[in-house]
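Let me begin by presenting the structure, written as structure tokens, before commenting on it.
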Amino acid sequence: MDARLTDEHERVQETAREFIESEGGIDLARRQIDGENVVDDLWNELADLDYTAITVPLEYDGFGEGMVYLAALLEVAGRYALPGPLPETAAVAVPLIRDLGTEDQRSRFLPSVADGDLRMSVAVYDDETEPLPGGIRMGAERRGDEGTTEFRLEGTKTLVPYAAETDVVIVAARTREGQGYDGVSLFAVETDHDAVEATRMDSLDWARPMYELSIDGLTVGEDALLGPLHGGGSALVTAMDRFSVAGTAMLVGAADRAVELSVEYGTEREQYGQPIGRFQAVKHRTADMWVDMQSARSLVYYAAWALDEDEPDAARAAAATKAFAADRLHRVFGDDIWNHGGMGFTWDHDAHIYLKQAKSWRNFLGSPEANRDRLIDARLAAERNR
Amino acid sequence: MDARLTDEHERVQETAREFIESEGGIDLARRQIDGENVVDDLWNELADLDYTAITVPLEYDGFGEGMVYLAALLEVAGRYALPGPLPETAAVAVPLIRDLGTEDQRSRFLPSVADGDLRMSVAVYDDETEPLPGGIRMGAERRGDEGTTEFRLEGTKTLVPYAAETDVVIVAARTREGQGYDGVSLFAVETDHDAVEATRMDSLDWARPMYELSIDGLTVGEDALLGPLHGGGSALVTAMDRFSVAGTAMLVGAADRAVELSVEYGTEREQYGQPIGRFQAVKHRTADMWVDMQSARSLVYYAAWALDEDEPDAARAAAATKAFAADRLHRVFGDDIWNHGGMGFTWDHDAHIYLKQAKSWRNFLGSPEANRDRLIDARLAAERNR
Amino acid sequence: MDFSYTDEQESFRRELRAWLEENAPDGWLEDPELPDDDAERVEFLRDWQRTLADGGWAGVHWPEEYGGRGASLIEQTIYREEMARINAPPQINLIGINLIAPTLIEVGTEAQKQRFLPKILSAEEIWCQGYSEPEAGSDVASLTTSAEPAGDGEWRIDGQKIWTSYAHVADWCFLVARTDDSGTKHEGLTAFLVEMDQDAISTEPIHQPHDDRTFNQVYFDDAVATDDRVVGEVDQGWDVVMTLSAFEHGSTSIYSIEQRYLDLLEYCRTETRNGTPLIERDRVRQRLADFDARIQAAKAAHRRNVSKQMETGTPGPEGSMDLLVSDELRHDLLNFAVNLRGPAAALWENGHNAFDDTSGYIRSYGAWIAAGTGDIQRNIIGERVLGLPKDDKSKTSHRSE
Amino acid sequence: MDFSYTDEQESFRRELRAWLEENAPDGWLEDPELPDDDAERVEFLRDWQRTLADGGWAGVHWPEEYGGRGASLIEQTIYREEMARINAPPQINLIGINLIAPTLIEVGTEAQKQRFLPKILSAEEIWCQGYSEPEAGSDVASLTTSAEPAGDGEWRIDGQKIWTSYAHVADWCFLVARTDDSGTKHEGLTAFLVEMDQDAISTEPIHQPHDDRTFNQVYFDDAVATDDRVVGEVDQGWDVVMTLSAFEHGSTSIYSIEQRYLDLLEYCRTETRNGTPLIERDRVRQRLADFDARIQAAKAAHRRNVSKQMETGTPGPEGSMDLLVSDELRHDLLNFAVNLRGPAAALWENGHNAFDDTSGYIRSYGAWIAAGTGDIQRNIIGERVLGLPKDDKSKTSHRSE
């Protein structure tokens, strides 16, 4: 056992930090928030640094690394609320294609992702109020005879991150009526079809745009089907686990920064002739922020490791990570605002960027409540097998 | 509107306080805890002060006062964790007999209660793990013909407060199979029958003993039946509301005292050369204790008033009172221990007496969760009728 | 003890309710919505306050001689209940109505009253309050904005204020400046009424996290005020600050929070997830019931406190409890409301409107801070209500000196 | 990064598990219960520690030359996991094993090691720790118990200690006393090994809220210690205190908390209310899942911390996080467990046994305080981990000076 980041992980964190700082740090996110699209240029640079290749297998020109390595990097990205579909591409799409794809699909997508030529996202919801799996409704009608299977996709997916900034979106559709995830199939859909249109939604977190993705009668071949027909559900669940851990890794990086901001302000800002960090209310609140951040970080590392190692408790660990971190890290950012008084409640202070990110993530792909349900089911199953 | 205690309420509080202090204050509870029975002597004195007559109607030699007056008194009693079945007698049994009793029953019981000659309690549970109404199981078999109706009670009630120190226990039994409270009837059972035996249980709060009350084939006449046959449920629910408000009033008095203790200690005790109440951790925790206590007190007063006035939201207010206060006042006592450091975690410090009382009350006659269920049902019904 | 309203109080309610049904802005009762456009919104709110003033409902707690109704604290509570019931638009000149006018009535000159009160009431002149400064925060007495006599009965004001609500639309500012720095920080302050329409005053909006810009920085660069605009005595401004802050504690937002809660309850009855109304979920019911109990507790506590004030006349430090409880309740309620939206919590709602939950939840962080932060309320309760030893470092804010 | 155990570490676990299955007290594995009677319980626990010592499992982290196994921090973690798995009886001489012996090994004389270590290991001599005093509380350096040279190599000790666990059964006390009061409060302290069997020492049990009396007040009235019982240098006792307190931070109770949680989970699977298992209730499931996540987080954090210590060798102030998280978790879990009992929460359970939830829940208040209180842990984290400005008034306890 050595439950620390390796020297290599720490090196990549340091490099990433230097790189993002040199590009302006959190100003990248602020520019995105102000309406600029910083993703295209940024992505090329991320590719130059090989970050897009991290989770791509060696045989497809990648580094064959897993969630731990990626989480280490995403912590740094989260510190700057870095725009771009890095979690979607590297934590969700690449492992799905790696695990489910045919040789043809892998060759088609993975080297391009590694090179930075292809960005990917994932579209699950058809209804922004229904939790999963109920929120998956789009039908994909099977056509053609045995030899020439085709699917016709029709409908509108919602809450698709970065849909307009990505080339391929993995779309969850129902190919068969079924309970829960049964009957769900995954399709890799290229976004530059005429029949596919992305419309920007008013995402709470303007640094991470969300889109409606309307698919107006798009016919795709069997080569777009990712994994077994009707049987994409379990892979989707694992993909969402990876997404949850990746997203939480970003929030942990942000929370680490929020603690720093509170410590800096608590040391410098004086009220009544004293640095405010000397008041126990501020000091203890900041200590609690740090404890919550370290706890969430520990869960992220463990879950990332368990996913990489295919440990039997990987799903439980991912569920615990999201269930634990969602509201607690949200509170960390709120407490940072609070520690800063009036200065914290301004657009110029970074906490609101993180706060909105945390709130956006809370219910996305599974609320803490839903994850607690999953967690306890997994725990009970494990105990029965002991 | 004048939502304050009246001068008369305040006078009775002052008198009660002086009286209890003169009797030793919380040492009465400590003597009871140490195994002495202080109830008998104390009750005579309470009767001399007319406290036992407060809720007895004027025409039965009482004062005809209601829950507000009683709550004001019980706050003081709670401050000293005063032993004795005062809530059981004055808040539960007397109003039940007043509201449900025949003229004969009223005349038989109420003047004796007012005089201090009769103490009463209430027995609902047959199973100490089942919440109500499922916990009411004892059957009362109807016997005899029309003219000479009798009931044969057989079984063991549990968690009966002060059963051995009371003369009459109101026993909830099932006279008919039914859902929920349907089929529940109430019987006034005298405890000095040979067929009735009270066995002390190891109550968490030794100042308020609990008993198993075994009834070994006791036949009672129709004059023991209180209220309608099969239809005692709704009166029992209201009685429990009164009990909840009365019990919470005692806890509020205790919490008021706990705040005082923390303030005293925070002012006197020095650590690192400073009174510890100057540290914000202690100061803010104590402020929160006070806020919770005042909030619970406000709910008690409102619910007591609403019960007295038969306001349409009386049940909702009682449910809110117990739901709000149970865990929060429990935490007030825990925080008082905490503020006192090692000194708080001793038998000599009073907080543990209050803490155990709060924990004993938490689930008794309805957990906070069950009360929240009731509250929201009542609120929804009220909103539908707006 | 009596928690119910008298017939007379109920008739006050009926009169107000009838008036509101007659005079609420067009369509408001069916669908309360403020104009999106900033300028339109200001105009709408000015109109609304003028309508209130014309009906005698703008400053109900003002004495009748100044256009009020001399409403008792209990009637003011009824007023709040009724306004909350229809989600009434806010009074744009609330600072003037609730803080500045009562202060002028108490310590202003007769000429000041005659000059200012009518236009405060009708919102013809909107007011802001210049207290906070970048380096002073909640420690108002440390302010450094200076006012110096410039001859001819004029004062020259220099300095910077921050967190000034409505400064960008205000016609007048109730400003506290330092006129003598030789004494302790509470000495040598003076309160001025400063006209905002001067070249020497500029405002810069502060961009807030809910994408709103109603707070401002205000720069004074040789701004002018005349002797007759001094409130109270020169160098005795701290007394004026204390007079004004006593009025801050009389308020409560519990009734508007209750209305939000009832709206949320209705949402939970009608909104479904997987075909089941939210209200049927145990976890939703339990949370709603806890909010219900907290609101009932806060309302009962407020009524007890009002009853006490009816006798004593002064709001005690117990007002800190209402602020603490209300601010946390509002925040928790709105946060919960956003979470209930499901995956859509990742989206803004209704274009950042004043009445949507998402904006409200973000704004609630600001409300916490504007109210002086829970830390300060807890200091006030600990020190002034309970008598715990004061930390000489942690003054319990200007509200309570 | 690797959270798994090596084969070697797993074989340590297998060896221990096999030994425990062979050597646990009779019937313990089926039904772990300590004797009710105080004297019997002490005898039972002495026997158990002797059994552990005989098997080489009493002081696994001690060097082999003193009867330990030189177990690494990771092996110590495995040891805790396995002990928790069977709810093993506590080691009665845990203070000796975990704190005093390691301190003697580091700073004691060879004669002290030879004399004391074997009997600590076998529990032939039980130890207590004399730090806290009525007026000193968590501020250990303010202690006033004095030791003065009385000639012939003897010291005379006078004063009073409080919260001294096991003093009523202890044979020896690790005592810190003031030998020079001319300097600052951290100077002039000396650590002594004091034999408890003297007329000049009396103990008085402190009655605790869970009706236990394992804490004591200890009175020293001209008690004697000889020169060879001084640990470290005379007047340099603070260094010894610091050496000992470093060992306090190496511990964790998260594995026994996890075992409690698993027991509670089992309870919820089998226990019904209204005919339905508790585990099927949404509100129960949600709470259990939250505990589960908190426990997983604390375990992962502990492993990260242990991995770091394996390199650095010293437990950092991060140990405060483990204390804070564990103490709150234990309390919340036991409080919840009691609440789950339904109306029976109004009763003691199983006669106040060490393993019942009700006693545990009450005892958890004491554990909080004994651990130095969350306030102090938060000070340590704020000041020593995060570097926030130190309040000269709020020393972060003797643990961290």
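Hydrogens, waters and symmetry mates are skipped; everything else that's a heavy atom, side chains included, is used. Keep in mind that this is a model prediction, so the values were computed, not measured. Residue numbers start from 1 in every chain, and the chains themselves are labelled A, B, ... in the order their sequence lines are given, proteins ahead of strands.
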So for atom CG, which belongs to D:Asp7, do other residues, nucleotides or ligands contribute more than 12 heavy atoms lying within a distance under 6.0 Å?
no
Scanning both residues in full, the closest heavy-atom pair of D:Met1 with A:Trp305 reads O-CD1, 3.4 Å
Heavy-atom contact with chain D under 4.5 Å, split by part of A:Val300:
neither
Quick one: what part of A:Leu380 sits under 4.5 Å from any heavy atom of chain D, side chain, backbone, both or neither?
both
Portion of D:Val306 that has a non-hydrogen atom of chain A nearer than 4.5 angstrom
neither
For D:Ile74, is it the side chain, the backbone, both or neither that has a heavy atom under 4.5 Å from a heavy atom of chain A?
side chain
First locate atom CG of D:Leu386, then atom CE of A:Met289, and finally report the distance between them rounded to the nearest 0.5 Å.
9.0 Å
Just checking D:Asp31: does its CG atom have more than 12 heavy atoms from other residues, nucleotides or ligands closer to it than 6.0 angstrom?
yes
Taken to the nearest 0.5 Å, the spacing of A:Asn371 CG from D:Asp290 CG works out to 12.0 Å
Taking the side chain as every heavy atom from C-beta outward, state whether A:Ser295 and D:Met321 have any pair of such atoms under 4.5 Å apart.
yes
Measure D:Phe291 against the heavy atoms of chain A and call it side chain, backbone, both or neither at under 4.5 Å.
neither
So how far is it from A:His284 NE2 to D:Asn379 CG, rounded to the nearest 0.5 Å?
3.5 Å
From D:Leu324 atom CG to A:Trp290 atom CH2, the distance as rounded to the nearest 0.5 Å
10.0 Å
Tightest non-hydrogen contact, residues A:Gly266 and D:Pro389, listed as O-CG, 3.8 Å
Less than 4.5 Å apart, side chain to side chain, heavy atoms only: is that true for A:Tyr301 and D:Arg303?
no
Can you check whether A:Ile376 reaches D:Leu265 side chain to side chain, under 4.5 Å on heavy atoms?
yes
Which of the residues A:Val263, A:Asp2, A:Leu375 is involved in the greatest number of heavy-atom pairs with chain D at under 4.5 angstrom?
A:Asp2
What heavy-atom pair brings D:Ser307 and A:Ala3 nearest, and what distance separates the two atoms?
OG-N, 2.8 Å
If you measure from the Lys or Arg side-chain nitrogens to the Asp or Glu carboxylate oxygens, is any gap between D:Arg269 and A:Glu383 under 4.0 Å?
no
Which atoms form the tightest heavy-atom contact between D:Ile381 and A:Ala287, and what is the distance?
CG2-CB, 3.7 Å
Heavy atoms from other residues, nucleotides or ligands near CD of A:Gln179 exceed 12 (cutoff 6.0 Å):
no
Most heavy-atom pairs under 4.5 angstrom with chain D, which of A:Arg297, A:His9, A:Glu309?
A:Arg297
Residue from A:Arg328, A:Arg285, A:Arg374 scoring the most non-hydrogen pairs under 4.5 Å with chain D is A:Arg328
Whatever's closer than 4.5 Å to a heavy atom in chain A on D:Glu266 counts as neither
So do the side chains of A:Arg379 and D:Leu262 get within less than 4.5 Å of each other, counting heavy atoms only?
yes
So, A:Lys283 side chain and D:Lys390 main chain: donor-acceptor pair closer than 3.5 Å or not?
no
Top of A:Asp313, A:Thr286, A:Asp373 for chain D proximity - count of heavy-atom pairs under 4.5 angstrom
A:Asp373
Hey, what do you get for CD (A:Glu264) to CG (D:Leu388), rounding to the nearest 0.5 Å?
11.0 Å
Beyond-backbone contact of D:Arg285 with A:Arg372, side-chain heavy atoms, under 4.5 angstrom:
no
Closest heavy-atom pair, A:Ser298 versus D:Arg304, reported as atoms and distance to 0.1 Å, is OG-NH1, 2.8 Å
Sort A:Ala325 into side chain, backbone, both or neither according to what part of it lies under 4.5 angstrom from a heavy atom of chain D.
neither
Are D:Gln296 and A:Thr321 side-chain neighbours, meaning at least one heavy-atom pair lies under 4.5 Å?
no
